[in-house]
> 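If you scroll down you'll find the structure; I have some questions about it.
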Amino acid sequence: MSLFGFCEWLANTPWSIALHESRWAYSIIESVHVLSLCLFLGMAVMLDLRLLGVTMRRTAVSEVVGQLLPWTAAGFVLMVISGMLLFSAIPVRTFQNIFFRVKMVLLVSAGLNVWVFHSTVYRKVAEWDLHPVHQEEPGWRQPCLWRYGLALSLRDE
């Protein structure tokens, strides 16, 4: 079965039809999606600004990450769940939207960036606490990927 075939099947399920035709459900899920997106991006931007040395310079990177990461993860989980629900409500139209496809590629790229950051660069966070340095590379790359993904998500509505 192709991806488009899966989207057509999903669009004809009772769950998808009910969600799409509901008076309140779609709007509530979309609101949760936008609010969780704000939570996630807000925490990610705060961390990136700390990595760049723009803000919270007197606070250790490990402390900032320790306080922001649980909120970032919560925002990400809510954003993904609500995004999947929104997709399931109108899968064919969403799948055919070029902005949605590009957004998915950028989100996967941003996710890979996070994975690379945590599996390589972040392992040296204890050294950053002892000898502060600017971590420009991960600090600049991440906001660019999220910013373009956010811009495209506004276009695919």
Side-chain angles (χ1 to χ4, degrees), residues 1-52 54-56 61-122 125 135 137-157:
M1 176 185 288
S2 67
L3 284 175
F4 186 74
F6 173 76
C7 291
E8 287 179 323
W9 170 83
L10 184 60
N12 292 319
T13 60
W15 168 259
S16 178
I17 294 167
L19 188 56
H20 181 69
E21 293 180 356
S22 172
R23 171 171 281 204
W24 297 104
Y26 189 85
S27 298
I28 290 170
I29 293 169
E30 189 171 35
S31 297
V32 168
H33 187 67
V34 171
L35 291 173
S36 61
L37 177 70
C38 292
L39 173 65
F40 176 73
L41 287 177
M43 297 298 111
V45 166
M46 288 175 63
L47 177 60
D48 291 336
L49 290 175
R50 173 56 188 99
L51 289 176
L52 290 168
V54 174
T55 186
M56 297 183 272
V61 172
S62 60
E63 185 179 339
V64 172
V65 170
Q67 291 181 9
L68 296 182
L69 204 54
W71 291 100
T72 307
F76 178 76
V77 168
L78 281 171
M79 182 179 62
V80 168
I81 291 170
S82 60
M84 289 178 5
L85 289 171
L86 291 173
F87 178 82
S88 70
I90 45 174
V92 174
R93 185 180 83 187
T94 304
F95 180 72
Q96 291 177 330
N97 188 330
I98 188 67
F99 295 111
F100 174 79
R101 291 181 183 194
V102 173
K103 177 176 77 170
M104 289 297 107
V105 169
L106 289 171
L107 289 176
V108 168
S109 300
L112 287 172
N113 181 48
V114 169
W115 177 72
V116 167
F117 172 75
H118 281 281
S119 62
T120 58
V121 177
Y122 183 67
V125 71
Q135 296 80 28
E137 179 61 26
W140 279 116
R141 186 178 41 211
Q142 181 97 0
C144 291
L145 290 169
W146 289 122
R147 182 172 40 247
Y148 296 132
L150 176 62
L152 288 168
S153 70
L154 297 174
R155 291 285 307 208
D156 74 12
E157 292 300 320

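Starting from 1, each residue takes its place in the sequence as its number. Just so you know, these numbers use all the heavy atoms, side chains as well, and skip hydrogens, waters and symmetry mates. Given the structure is predicted, the values throughout are model-derived calculations rather than measurements.
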> Could you state the interatomic distance from OG (Ser36) to CG (Leu41), rounded to the nearest 0.5 Å?
9.5 Å
> Return the set of residues passing side-chain contact (heavy atoms from CB on, under 4.5 Å) with Ser2 (not counting sequence neighbours), or none when no residue passes.
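Counting only residues at least two positions away or on another chain, Ser2 forms a side-chain contact (heavy atoms from CB on, under 4.5 Å) with Phe4.
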> Under 3.5 Å, side-chain donor or acceptor atoms of residues 68-85 against the rest of the protein: list the pairs with distances, not counting sequence neighbours.
residue, atom, partner, partner atom, Å
Thr72, OG1, Leu68, O, 2.8
Ser82, OG, His33, ND1, 2.9
Ser82, OG, Leu78, O, 2.8
Ser82, OG, Met79, O, 3.2

> What distance separates Gln67 CD from Met56 CE, expressed to the nearest 0.5 Å?
9.0 Å
> Can a donor-acceptor pair be found, under 3.5 Å and without considering hydrogens, that links the side chain of Asn12 to the backbone of Glu8?
yes
> Without swapping roles, check the side chain of Ser22 against the backbone of Ala18 for a donor-acceptor pair under 3.5 Å.
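No; zero donor-acceptor contacts below 3.5 Å.
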> Nearest heavy-atom pair of His20 and Ile90: which atoms, and what distance?
ND1-CG2, 2.9 Å
> Can you find a heavy atom in the side chain of Phe95 that is under 4.5 Å from one in the side chain of Arg101?
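Yes, at least one pair of side-chain atoms sits under 4.5 Å.
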> For the residue pair Thr55 and Arg50, what are the closest heavy atoms and their distance?
O-CD, 3.3 Å
> Report the distance from atom NZ of Lys103 to atom CG of Leu107, rounding to the nearest 0.5 Å.
6.5 Å
> Excluding sequence neighbours, so at least two apart, what forms ring pair (Phe, Tyr, Trp, His ring centres under 6.0 Å) with Phe6?
Trp9
> Roughly how far, to the nearest 0.5 Å, is the CG atom of Leu3 from the CG atom of Leu10?
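Rounded to the nearest 0.5 Å, the CG-CG separation comes out at 11.5 Å.
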> Between Ser16 and Ala89, what is the shortest heavy-atom contact and its length?
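Looking at all heavy atoms of both residues, the closest pair is OG-O, 3.4 Å.
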